[in-house]
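Only one structure is covered here, and it is reproduced in the block below.
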Number of protein chains: 2
Amino acid sequence: MNISDIAKLAGVSTSTVSRYFNNGYISAEKKAIIKKIVEETGYQPSTYAQTLRTKQTRLIGVIIPKLNSETVSKMVGGINQILSEEDYLLLLGDTENDEREELKFLQVFNQNQVDGIILIGTIFTAKHKKLIKDSKVPLVLLGQTLPGVSSVYHDNYNAAKQMTRHLIKTGKVFAMITATEEDKAAGLDRKNGFLDALREAEIDPDKIHFGEARFSIDSAREVCQALFTKNPEIDTLFCATDNMAIGAYQYLASIGKSIPEQVQLCGVGNSTIANVPYPAISSVGFPYEESGQLAAELLLDALSEGDKVNKEIKIGYEMALKDSTR
Amino acid sequence: MNISDIAKLAGVSTSTVSRYFNNGYISAEKKAIIKKIVEETGYQPSTYAQTLRTKQTRLIGVIIPKLNSETVSKMVGGINQILSEEDYLLLLGDTENDEREELKFLQVFNQNQVDGIILIGTIFTAKHKKLIKDSKVPLVLLGQTLPGVSSVYHDNYNAAKQMTRHLIKTGKVFAMITATEEDKAAGLDRKNGFLDALREAEIDPDKIHFGEARFSIDSAREVCQALFTKNPEIDTLFCATDNMAIGAYQYLASIGKSIPEQVQLCGVGNSTIANVPYPAISSVGFPYEESGQLAAELLLDALSEGDKVNKEIKIGYEMALKDSTR
DNA sequence: AAATTATATGAAATCGATTCCAGGAAGTAT
DNA sequence: ATACTTCCTGGAATCGATTTCATATAATTT
């Protein structure tokens, strides 16, 4: 069933049927008959033929580092709210934290598949930067920044700094479980915020310890064990993510450290899982859903105006102090 | 840059260029020159023109109830492992547990967009059943069954029954936080397994209590409070999902019930979050990643053979007893 | 040597829509 | 009455690939 069949059945030309679907000039009379035929046959225009002609896919590629992540799902939720209103469909590319997959999706999406791309990125290599800048379709970065590219990102530096200022009030010996510095947002910025707050308070560098973990509960548990085995005097632990804080919590609970009395503990993300342990874990996070919405709006702007001006939107933090900090 | 441009540059016809890409008859000589031109120009055939001609999209629609769910992400991971090998891309439709969204995606995917559909469904209304059966493209159900449709589903009934048999050894007064029975897998089957195990052991029906919660921690916490306020003598609580078990744990911890001494507690799903509380929560789950793989393979079969024989694969359960049960 | 088969190529039709163009009818301004 | 718009319509070109068909040459059988 194609447009010619409908045209024949309705006794009009294909042009007229096309106009019926695209709000072109059409008489009430023909409109009625085409409507009737379309309803009877359940005809739907082929999106592929439309795309071939119009170059519009009505598909937006969203590249995400991980499906099962609360922050990611909130961001995607926000993106979807805005884009589904405009009849866009999301083509999700899940990389499971594999940067090569990220490159693959960037290429595949760019070739032919989508009208625009939102990249919830993590690590940017030179290849990433090249592909991002060379993107033929509008691209918005979410959660990271890159000069010359539109982005919505989070003020990780000040979030970590502010949280650390709070920890300093009662802390003596500090430690941080960090993420890889290749991840600027979750790794570098949070570490720098932590460090700068401590410098500001003129904390003795000998009383600051670091361990780097991967983005998993298990990895953080092991790193926490190493940290405390070497430095049992740590009384304040800042974790770069809530998941890491859970890993740390598990280790600390297992060796009988009381939280927050002996060790105070916090994470980043304001995620649900931070509320599962008892005591609930203090965290600082961002309005991720809103970030997603903003990114989607930025993309829509770029799509309609085709404008080459790129905007960078920085999102402020939200503190959520609970009982794991003093 | 299209196929004619390449043909001109290479001094051949478009047919020959097309054959170059589709392993048709082509001389080594022309192959070499086309290869050179393609590499120089970075030309990639338009997937939309290809689809228009071949009716193959190389896209598989996967409809999921929720992005941020461990079971879902494991299943999607399994699906993706198999399908990406065959150069399929996943078009994810996230319904956020809204059944109308499910219908929408079923329609959109069916129109033109995808070669096949995997539906990780929840509630099936009459409309769902109609759309599923009328699907123009092969469709595989994952996590639920429907007569006459290919599916990979989990033996929720026996999983719940087996777990309950374990609880019976030390339990006296039983309760279950259930999911809506409209969700056959998570709601009805698990409830029936629980009930039948208790009947088998000839437990006094007066010592069995029920509360129904939505799929969220908060909802389960409230339901748990209601249950225990009315029946403080409950000493064994079966939750239909791990998330619900977390909610129950939070309430029980807040009123100072000791787990598992005063109340033993378990969930379903074998998810990471069940290991976060102390004590870790016993659970019974399924090899979700493998289920996803199987569903993908079923779909590939249907895609290649175009065979109308539908298979139903039942997946067995895996018990994970931890310290929240006696 | 003749017949058959496999390999190689280009022209043209095709997939299913949109859109440009030309032309007709109807309404309005001059 | 004439000149302009505005509205409405169908024919034909077009988007960018694949595929059928016709044809030619090379390789293999008989």
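The model shown is predicted, which means the values in this text are computed figures rather than measured ones. Convention: sequence-line order gives letters A, B, ...; per-chain numbering from 1.
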So which heavy atom on B:Asn110 is nearest to which on B:Ser135, and how close?
ND2-OG, 2.8 Å
To the nearest angstrom, how far is B:Arg58 atom CZ from D:dA17 atom C1'?
16 Å
Minimum heavy-atom distance between A:Phe109 and A:Val62, given as atom pair plus value:
CE1-N, 3.9 Å
Rounded to the Å, how far apart are A:Asp5 CG and C:dG16 C1'?
10 Å
Ignoring backbone atoms, establish whether A:Asn22 has a side-chain N or O less than 4.0 Å from OP1 or OP2 of C:dT19.
no
Which part of the nucleic acid does A:Ser18 contact within heavy-atom distance under 4.0 Å: base, sugar-phosphate only, or nothing?
base
Over all strands shown, is A:Tyr43 touching base, sugar-phosphate only, or nothing at heavy-atom distances under 4.0 angstrom?
sugar-phosphate
Heavy atoms of B:Thr51 and B:Gln56 approach each other most closely as OG1-O, 3.1 Å
Walk along nucleotides 8-15 of chain C from 5' to 3' and tag each nucleotide B, S or - by protein heavy-atom contact under 4.0 Å, base first, then sugar-phosphate.
BBBBBBBB
Given atom CD of B:Gln56 and atom P of D:dG16, what is their separation to the nearest angstrom?
22 Å
Just checking, is any N or O donor in the side chain of A:Glu289 or A:Gln81 under 3.5 Å from an acceptor N or O on the other one?
yes
Say you draw a straight line from CG of A:Leu141 to CD1 of A:Ile118; how long is it, rounded to the nearest 0.5 Å?
10.5 Å
What's the OH-C1' distance between A:Tyr20 and C:dT18, to the nearest Å?
17 Å
Here the distance between atom P of C:dT18 and atom CG of A:Asn23, to the nearest Å, is 11 Å
Report, one line per pair, each donor and acceptor closer than 3.5 Å where one atom sits in a side chain of residues 179-186 of chain B; sequence neighbours left out.
from: B:Thr180; atom 1: OG1; to: B:Glu182; atom 2: N; distance (Å): 3.2
from: B:Glu181; atom 1: OE2; to: B:Lys191; atom 2: NZ; distance (Å): 3.0
from: B:Asp183; atom 1: OD1; to: B:Gln144; atom 2: NE2; distance (Å): 2.9
from: B:Asp183; atom 1: OD1; to: B:Ala185; atom 2: N; distance (Å): 3.3
from: B:Asp183; atom 1: OD1; to: B:Ala186; atom 2: N; distance (Å): 3.1
from: B:Lys184; atom 1: NZ; to: B:Asp189; atom 2: OD1; distance (Å): 3.3
from: B:Lys184; atom 1: NZ; to: B:Asp189; atom 2: OD2; distance (Å): 3.3

